[in-house]
2 protein chains.
Amino acid sequence: MLDAAAAVWAHDFSASLSSIALRADVSRSTLHRYFTDRQALIDALLLDSLARLETADDGSATAVPAMETLEHFLRAGVEMGDRVIFLFADPKRFEGNPHWSSDDGDEEMRALVDRARAEGAIGAGIPTSWALNLYYALLYTAAEVSNQDLPRHVAADLAVQSFRRSVAP
Amino acid sequence: MLDAAAAVWAHDFSASLSSIALRADVSRSTLHRYFTDRQALIDALLLDSLARLETADDGSATAVPAMETLEHFLRAGVEMGDRVIFLFADPKRFEGNPHWSSDDGDEEMRALVDRARAEGAIGAGIPTSWALNLYYALLYTAAEVSNQDLPRHVAADLAVQSFRRSVAP
DNA sequence: GCGAAATGCGACAGTGGTGTCGCAGAATGG
DNA sequence: CCATTCTGCGACACCACTGTCGCATTTCGC
């Protein structure tokens, strides 16, 4: 059901619960039996997606260059496909949600970008806010393209390449 | 009213007509008086936005390098802000809409990208579908960022730079 | 095979957005 | 100044989605 919700909501967050039940091959009753609320399903999917992101992000020690961490994170994100689209399609989607700390969304990433800049991987002419938005856009786009034409890893490679080139000094 | 619709729908296409009326500082009645339908408003906004895009795109003769046309078009799009977000946030939003020819959405752009590739501005390792999706993502992101931190022209510059670097051979 | 748990189905009221009215109060222009 | 036009307000029925329920059916474990 979470997969179905991610798949459907990745493209239209206002989609009805019926469409999700249909996609999940269960009745609406069953869906409601596991998630009392629309909000409950959102929270469950959010939590699950964040957990996967966390897991996927495990291999990134702080010792390695920040740029490699960003790259690793990007690849992991693309691998998650719809989940990542769900998470990052609209930055304000989860505003006020107790499970969505601003740490997840921004602070940690901003710090990473700043570190990458300090390490010389990001040019002085690149504002941090642009680097961040570009990063999420590439993540989103690569995940999106993976649903259409290109194999997942190819899309990930292209996204990584685009990011490196775009922010290079 | 069209401006209000663009501003609201740029962030949430499922937003109610009430919220648009509110944003436009008119009553819901007045809104309905000018646009009988939700669909009528959508069509009007679509048509108006496409017209602006067309106008803004006037300066691009086919004689100049394709890359410059793409660049010009990108800058013009960023300048349009919410209108462009409305148009390109979801590629399938206007599927089946008689005013949304696939020419606008894809074919013309694809041809432009192919021409840029022939002129050596786009590397062989860059799939056309990636270049296109990247292009729209940058357009969208630059417009989005313009609503937050950076001045419009700075965001446009960054988007252009990112695109050139990303697809360079 | 039998009992328990899970699922599907249909019905229900509640809710919020939609589209349509009529009417009353501006705003506009001659 | 008056007449025409535009606008706002409130009311209405309609519809899709939501959340809840009871009951029949299927599935699963033992």
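The basis for the numbers below is simple: all heavy atoms, side chains too, and nothing from hydrogens, waters or symmetry mates. Per chain, numbering begins at 1; letters A, B, ... match sequence-line order.
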Engineer: Atom CD1 of I42(A) and atom C1' of dC17(D): how far apart are they, to the nearest Å?
Structural biologist: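 Value for this atom pair: 14 Å.
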
Engineer: Salt bridge check: are E79(A) and R75(A) linked by an N-O gap of less than 4.0 Å?
Structural biologist: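 No, this pair does not count.
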
Engineer: With hydrogens left out and only the distance checked, is there a donor-acceptor pair under 3.5 Å joining S27(B)'s side chain and the base of dC9(D)?
Structural biologist: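 By the distance-only test, no, there is no pair.
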
Engineer: Rounded to the Å, how far apart are D37(A) CG and dT15(C) C1'?
Structural biologist: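 Taking CG of D37(A) and C1' of dT15(C), I get 14 Å after rounding.
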
Engineer: Ignoring backbone atoms, establish whether Y34(A) has a side-chain N or O less than 4.0 Å from OP1 or OP2 of dA6(C).
Structural biologist: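 No.
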
Engineer: Can you tell me the distance, in whole Å, between the CZ atom of F35(B) and the P atom of dT7(D)?
Structural biologist: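 These atoms are roughly 12 Å apart.
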
Engineer: What's the CG-C1' distance between L31(B) and dC9(D), to the nearest Å?
Structural biologist: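 Distance check: L31(B) CG to dC9(D) C1' gives 15 Å.
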
Engineer: For S16(A), which contact category applies under a 4.0 Å heavy-atom criterion: base, sugar-phosphate, or nothing?
Structural biologist: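 Since only primed, P, OP1 and OP2 atoms lie under 4.0 Å of S16(A), the category is sugar-phosphate.
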
Engineer: Could you give the CD1-to-P distance, from I20(B) to dT18(C), as a whole number of Å?
Structural biologist: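 In whole Å, dT18(C) P lies 8 Å from I20(B) CD1.
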
Engineer: Do you know which of L2(A), T30(A), I20(A) makes side-chain contact (heavy atoms from CB on, under 4.5 Å) with F35(A)?
Structural biologist: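 Going through the options one by one, the only one that passes is L2(A).
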
Engineer: Examine dG8(C): is either OP1 or OP2 under 4.0 Å from a nitrogen or oxygen in the side chain of T30(A)? Give yes or no.
Structural biologist: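 Indeed, a polar side-chain atom of T30(A) lies that close.
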
Engineer: Between D157(B) and Q161(B), is there a side-chain donor-acceptor contact under 3.5 Å, judged purely by atom types and distance?
Structural biologist: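 Looking only at side-chain atoms, D157(B) and Q161(B) do not form any donor-acceptor pair under 3.5 Å.
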
Engineer: What's R28(A) touching, base or sugar-phosphate or nothing? Going by heavy atoms closer than 4.0 Å.
Structural biologist: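 Base, at least one base heavy atom under 4.0 Å.
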
Engineer: Taking CZ from R38(B) and C1' from dC15(D), how many angstroms apart are they, rounded to a whole number?
Structural biologist: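 Distance, rounded to whole Å: 14 Å.
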
Engineer: To the nearest angstrom, how far is L17(B) atom CG from dG16(C) atom C1'?
Structural biologist: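 Interatomic distance, CG of L17(B) to C1' of dG16(C): 12 Å.
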
Engineer: Might you work through the side chain to side chain contact (heavy atoms under 4.5 Å, CB included) test for F94(A) and L87(A), ending with a clear yes or no?
Structural biologist: CA-CA 9 Å; F94(A) 305 114; L87(A) 284 177; 4.3 Å; yes

Engineer: Which sits closer to the 5' end of DNA chain C, D25(A) or H32(B), going by the nucleotide each is nearest to?
Structural biologist: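 Of the two residues, D25(A) wins.
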
Engineer: Between S18(A) and R33(A), which is nearer to the 5' end of DNA chain D once each is assigned its nearest nucleotide?
Structural biologist: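 The 5'-side residue here is S18(A).
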
Engineer: What's the separation between atom CG in D48(A) and atom CG in L41(A), rounded to the nearest 0.5 Å?
Structural biologist: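 Reported value, rounded in 0.5 Å steps: 10.5 Å.
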
Engineer: Please report the distance, rounded to the nearest Å, between CG in L22(B) and C1' in dG8(D).
Structural biologist: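 Result: 14 Å.
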
